[in-house]
Amino acid sequence: MSNEPSRPGAVEAPGRWLRWPDGGGPRIAYGADYNPEQWLRHVWDDDVRAMRDAGVNIVSLAIFSWARIEPAEGVYDFAWLDDVMDLLHRNGIAVDLATATASPPPWLSTRHPEILPVDRTGATLWPGGRQHWRPTSPVFREHALRLVRAMAGRYASHPALAAWHVNNELGCHNVYDFSDDAARAFRDWLRARYGTVDGLNAAWGTAFWAQRYGDFDQVLPPRQAASYPNPTQQLDFKRFSSDALRDYLSAEREILRAATPDVPVTTNFMVMGETAGMNYADWASEVDFVSNDHYMLPGPQGQDELSFSANLTGNLAGGRPWYLMEHSTSAVNWQPVNLAKRDGELARDSLTHVAHGADAVCFFQWRQSAAGAEKYHSAMVPHAGEASEVFRSASGLGRTLAGLARIAGTPRRPARAAILFDWESWWASELDSHPTSRLRYRQEALDWYSAFLALGIRADVRPAAAPLSGYDLVVAPILHLVPAALAHRLREYVAGGGHLVTTYFSGIVDENDHVWLGGYPGALRDLLGIRVEEFGPLLDGDSVVLDTGATGTLWTDRIDVTDPAVEVLATYKSGEYTGRPAVTRRPTGAGSASYVSTRLGPAGLPPLLAKLAEAAGVRSELPEPLRGRVELAVRGDHWFLVNRTDEPIELTGAGGQPLLGGDLLPPRGVAIRTSATPSLRGDDLP
Ligand code: GAL
């Protein structure tokens with residue numbers, strides 16, 4: 001497949017064209033959410049002038065404009081939006097135009113309070129914030145889709161229109177709605193899934209606690225109950241809730257596609273942190289190009305988490321370029337304490353996304369609000385105005401990105417190691433009534449990613465359904481929910497010479513959250529050559545020591561080895577299971593299947609991962625002195641080197657033609673080398 005866009009600003013995607021903003025050739029798009037309705041008309045002229053100064057070439061418009069566009073039912077005021085669209089176009093700035101449906105106006109929620117979401121306790125989520133709508137409300141849908149039709153009709157042929165932006169961050173505040181509309185739609189979803197109520201009874205295990213249903217009409221969402229709601233009901237409700245929003249996305253998208261078949265449609269995902277509600281592996285094929293919003297989270301793994309999210313987004317996009325729709329120039333407003341970014345972080349964070357395949361870098365938002373809940377959220381133009389470090393840094397980034405145009409359209413280069421990421425295992429492993437309530441699925445996956453970074457080894461974070469071929473090493477942390485077909489794929493992978501690593505609480509249940517019987521790790525027991533009769537979760541503050549010197553927390557397993565070929569890589573040296581295996585590896589011809597029974601964390605995993613990677617023949621592509629201090633990501637022939645430290649790092653002798661940066665990688669700096677020489681690539685490339 002060619003990396004080269006076939007026409008200016010376009011990238012070919014399976015079945016669709018992705019039309020990036022035309023710019024006379026491929027380029028990295030640069031911009032922000034633009035909310036001109038918060039400002040007087042004369043400010044808009046200043047805005048576009050400053051946008052051009054900053055190198056902005058695209059903005060997202062009208063995201064929260066419903067009340068302004070449709071001030072009363074069926075009454076549209078497009079004049080102001082026409083003016084903004086024309087102004088932007090005259091200034092060479094393209095528009096990612098939102099459908100404006102994210103925040104329903106007061107007239108709608110007043111006349112139709114039945115669109116308001118209801119929480120699990122039955123409490124209504126009232127207007128006053130945003131996104132106060134039920135994903136399954138027919139009334140909301142009728143009004144919202146009418147607005148989408150009006151927007152599409154009005155702007156279909158506007159020359160500024162580069163992409164459609166469906167709603168905004170679908171599910172950010174309203175993914176779980178327990179209303180009567182949701183109950184009705186949930187029943188329809190269950191009828192389609194199970195066909196008969198007996199099928200549902202079997203899947204949900206309703207023989208337990210006298211939960212047997214006689215009819216689908218008796219089924220409810222898992223509302224606040226006297227005790228733990230049925231776990232399969234909870235799991236199915238998560239599936240249903242993700243599907244309901246996806247269905248809404250496709251309803252808007254179909255209207256837009258019919259009106260403008262050539263204009264790509266996207267919606268901004270939230271692949272970040274603990275945002276778990278939307279199964280984006282299922283959503284990615286619903287959009288013409290994948291977009292993501294990411295905000296840096298505080299804490300020692302913040303930078304790793306950004307890279308993890310960008311990496312996963314790039315893999316959701318199938319390795320093709322994607323669009324960073326939002327991140328922040330500096331502080332956000334929604335954390336307990338909102339830290340300003342330090343020098344260099346604005347550019348480093350942006351370029352890390354580019355390193356993982358982003359062909360657009362956009363911020364929330366262009367001009368910092370003077371009023372409203374987000375007035376202390378940073379923007380490209382802060383309260384201090386253009387005479388500010390933030391604006392200077394943002395403008396500097398605009399110049400940097402303009403110099404990286406040749407990277408646009410270049411796909412990610414696959415790594416030889418992968419981490420499997422699975423929304424269903426995330427949901428199922430964190431349900432209530434489990435051996436521990438402390439388990440965090442995404443944290444375990446991130447810890448493994450941090451370990452790869454510490455070793456300087458690239459790893460792709462991939463949805464569990466993505467093909468495994470081409471990967472020598474696959475880590476599947478807490479792969480809890482394993483349908484028979486997935487177990488089969490993993491066996492085939494290992495039989496084909498692949499090296500699989502999995503962890504505690506993996507292989508435990510099938511797609512209905514029913515335990516695979518006969519001993520844990522259930523569906524993976526034979527593949528791993530071990531058997532566990534009882535889990536050994538640890539209390540907060542408790543830990544165990546391994547003979548390798550590593551410390552385990554959260555979980556232990558009482559492991560019996562069932563296959564004599566199994567090698568014990570680490571043994572418990574303290575705790576109830578002293579002397580028993582803690583980490584095992586079962587060689588199978590050319591492949592292997594390993595099991596890690598405790599949480600080793602970002603500090604404890606690297607030495608173990610080094611052994612597992614070595615055995616899989618996977619090594620760092622970086623020269624030794626850079627490993628761990630520099631993150632490597634590769635797009636085509638472009639090698640991105642991201643400083644993970646606050647110290648300058650010498651890149652002398654790293655090889656390749658510098659496209660960005662020199663021989664000294666400053667603290668929080670990013671360098672790009674093109675067509676790297678073997679000295680940068682290490683001596684281990686295939
Ligand atoms: C996103 C949202 C933006 C803005 C931003 C603040 O969730 O899409 O509208 O609220 O967060 O960080």
Side-chain angles (χ1 to χ4, degrees), residues 33-44 47 59-88 95-118 124-158 160-161 164-170 172-174 177 179-181 245 248-249 251-256 258-260 267 365 367 369-375:
D33 282 12
Y34 182 37
N35 297 304
E37 61 268 55
Q38 294 177 18
W39 303 94
L40 296 175
R41 176 63 184 83
H42 71 90
V43 180
W44 304 355
D47 283 336
V59 293
S60 298
L61 194 61
I63 292 176
F64 297 108
S65 304
W66 192 343
R68 179 83 187 258
I69 293 170
E70 192 181 1
E73 183 164 0
V75 177
Y76 294 102
D77 173 9
F78 285 117
W80 69 277
L81 192 53
D82 294 350
D83 188 8
V84 186
M85 293 284 286
D86 294 348
L87 179 67
L88 289 164
V95 175
D96 163 57
L97 185 58
T99 53
T101 54
S103 195
W107 62 258
L108 178 55
S109 49
T110 305
R111 187 168 305 165
H112 293 291
E114 71 273 23
I115 70 164
L116 298 172
V118 174
T124 297
L125 303 185
W126 295 100
R130 63 176 175 185
Q131 222 175 53
H132 39 279
W133 53 275
R134 302 176 184 176
T136 56
S137 161
V139 175
F140 175 78
R141 200 177 268 220
E142 180 195 325
H143 284 84
L145 297 188
R146 194 179 58 208
L147 176 62
V148 176
R149 271 183 220 104
M151 292 290 284
R154 184 82 181 185
Y155 297 108
S157 54
H158 196 286
L161 178 67
W164 287 112
H165 180 117
V166 168
N167 201 275
N168 191 62
E169 289 192 342
L170 286 161
C172 182
H173 310 294
N174 62 349
D177 163 43
S179 66
D180 289 344
D181 281 333
L245 283 164
Y248 178 76
L249 156 62
E252 283 206 12
R253 186 202 56 217
E254 287 313 300
I255 292 169
L256 299 167
T260 53
T267 193
Q365 60 176 327
R367 187 178 285 283
S369 302
E374 294 182 326
K375 60 183 173 295

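Any value given below was found using the heavy atoms of this structure, including those in side chains, with hydrogens, waters and symmetry copies removed. In this chain, residues are counted from 1 in sequence order.
Looking only at distances, a side-chain donor or acceptor of E70 sits under 3.5 Å from a matching main-chain atom of G74. Not one N or O on the side chain of W39 forms a donor-acceptor pair closer than 3.5 Å with the backbone of W44. In this structure, N35 contributes its side chain and E37 its backbone to no donor-acceptor pair below 3.5 Å. A donor-acceptor pair is defined here as one N or O able to donate and one able to accept, closer than 3.5 Å; no such pair exists between the side chain of T124 and the backbone of W126.
Relative ring orientation between W133 and F140 is described as parallel, the plane-to-plane angle staying below 30° on a 0-90° scale split at 30° and 60°.
To the nearest 0.5 Å, atoms CD (E374) and CZ (R130) are separated by 5.0 Å. Note that the CD atom of E252 and the CD1 atom of I255 stand 7.0 Å from one another [nearest 0.5 Å]. Of the inter-residue distances, the one linking R154 atom CZ with I69 atom CD1 reads 10.5 Å to the nearest 0.5 angstrom. Put simply, CG on D177 and NE2 on H132 are 13.5 Å apart, with the number rounded to the nearest 0.5 Å. Rounded to the nearest 0.5 Å, atoms CG (L81) and CG (L61) are 5.5 Å apart. The OG1 atom of T267 sits 5.5 Å away from atom NE2 of H165, with the distance rounded to the nearest 0.5 Å.
A heavy-atom distance below 4.5 Å is found between the side chains of I63 and S60. Under the 4.5 Å side-chain criterion, counting only non-hydrogen atoms from C-beta, T99 is in contact with L256. For the pair Y34/V95, no side-chain contact is recorded, criterion being any heavy-atom separation below 4.5 Å from C-beta on. Contact of the H173 side chain with the L125 side chain is not registered, since no non-hydrogen atoms from C-beta on lie closer than 4.5 Å. Looking at P105 and W66, their side chains come closer than 4.5 Å, going by heavy atoms from C-beta outward.
When all heavy atoms of P127 and S109 are compared, the closest pair comes out as CG-OG, 3.5 Å. Closest of all the heavy-atom pairs between C172 and Q131 is N-OE1, 3.1 Å. Taking every heavy atom of both residues into account, N174 and P117 meet most closely at CB-CG, 4.4 Å. For A152 against A259, the heavy-atom pair with the smallest separation is CB-CB, 3.7 Å.
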| task | For the pair T260 and W164, evaluate side-chain hydrogen bond (donor to acceptor under 3.5 Å, both in side chains) and give the outcome as yes or no after the intermediate values. | result | CA-CA 9 Å; T260 53; W164 287 112; 2.8 Å; yes
| Given R367 and V43, is the side-chain contact (heavy atoms from CB on, under 4.5 Å) satisfied, shown in steps? | CA-CA 10 Å; R367 187 178 285 283; V43 180; 3.5 Å; yes
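Among residues at least two apart or in separate chains, salt bridge (charged side-chain N to carboxylate O under 4.0 Å, His left out) pairs with a member in residues 101-115 are E73-R111.
In this view, F78 and Y76, Y155 satisfy the ring pair (Phe, Tyr, Trp, His ring centres under 6.0 Å) rule, not counting sequence neighbours.
Side-chain polar atoms of H158 and D86 form a donor-acceptor pair below 3.5 angstrom.
Between H143 and the choices T101, L108, I115, V148, the side chain to side chain contact (heavy atoms under 4.5 Å, CB included) rule is met once, by L108.
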